[in-house]
Amino acid sequence: MRGMNNVKEMDEGELTTLVQAIHDRRDNLRYDKLKEFRIGDMVSWVHGRGSSKEDYTGEVIKVNLKTIAVKEKGRPWSRWRISPSMLTKIEGDES
C-alpha cells in the first residue's frame with residue numbers, strides 16, 4: 001500500500017489530522033452522491049450476502065443527511081434507509 005511507511009512514522013497529532021482528512025473526504029463523497037437523488041426517483045439496490053442476495057426496487061421518499069429513505073416497490077409498507085452509495089438510479093422508469 002502506497003505511503004504505509006509514512007503512516008508508521010507519524011506521531012499522534014499527525015495521525016489525528018490524517019483521520020480527520022479521511023472523514024472529511026468520505027463526507028464529501030457521500031454528499032456528492034446524495035445530490036444525485038430526488039424524491040420520486042426510482043432506485044434499485046441489493047441486500048444480503050452470498051446465495052441470499054436479493055434485488056430490490058423502490059421510490060425515494062426522503063433524502064436525509066446521510067441516507068436515502070426508500071419505499072419498496074410492491075410493498076408500500078416496507079421502508080428502507082439506505083446509504084446512497086448502495087443505490088442505483090433507474091433512469092427512464094415512469095412506473
Do [X] and [Y] have side-chain heavy atoms sitting under 4.5 Å apart?
| X | Y | answer |
| --- | --- | --- |
| His47 | Trp80 | yes |
| Val70 | Tyr56 | no |
| Met10 | Leu18 | yes |
| Thr57 | Ile90 | yes |

List the atom of [X], the atom of [Y], and the distance in Å for their closest heavy-atom pair.
| X | Y | result |
| --- | --- | --- |
| Pro84 | Lys66 | CD-O, 3.4 Å |
| Val43 | Phe37 | CG1-CE2, 3.7 Å |
| Glu36 | Asp41 | O-OD2, 3.8 Å |
| Glu14 | Glu9 | OE1-O, 4.4 Å |

* Matching residue for Leu34 among Ile68, Asn64, Leu87 - test: side chain to side chain contact (heavy atoms under 4.5 Å, CB included) ->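 Output: one option passes, namely Ile68.
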* What distance do Lys35 atom NZ and Arg30 atom CZ have between them, rounded to the nearest 0.5 Å? ->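 Interatomic distance, Lys35 NZ to Arg30 CZ, rounded to 0.5 Å: 13.0 Å.
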* Roughly how far apart are Asp27 CG and Ile22 CD1, rounded to 0.5 Å? ->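 Between atom CG of Asp27 and atom CD1 of Ile22 there are 12.0 Å.
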* To do: Please check if Ile82 and Leu65 belong to a single hydrophobic cluster, counting links between Ile, Leu, Val, Met, Phe, Trp and Tyr side chain heavy atoms closer than 4.5 Å.
  =>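 Same cluster: Ile82 reaches Leu65 through Ile, Leu, Val, Met, Phe, Trp or Tyr contacts under 4.5 Å.
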* Transitively linked via ILVMFWY side-chain contacts under 4.5 Å: Val60 with Tyr31? ->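 As far as the 4.5 Å side-chain criterion goes, Tyr31 and Val60 are connected within one cluster.
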* Verify side chain to side chain contact (heavy atoms under 4.5 Å, CB included) between Met42 and Lys73, making sure each step is shown before the conclusion. => CA-CA 9 Å; Met42 294 302 295; Lys73 187 175 182 179; 4.0 Å; yes
* For the side chain of Ser52 and the backbone of Gly48, is there at least one donor-acceptor N/O pair under 3.5 Å apart? ->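 Here the side-chain-to-backbone pair does not exist.
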* For Arg81, does the CZ atom sit with more than 12 other heavy atoms under 6.0 Å from it, leaving out its own atoms? ->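 At most 12 heavy atoms, drawn from other residues, nucleotides or ligands, come within 6.0 Å of this atom.
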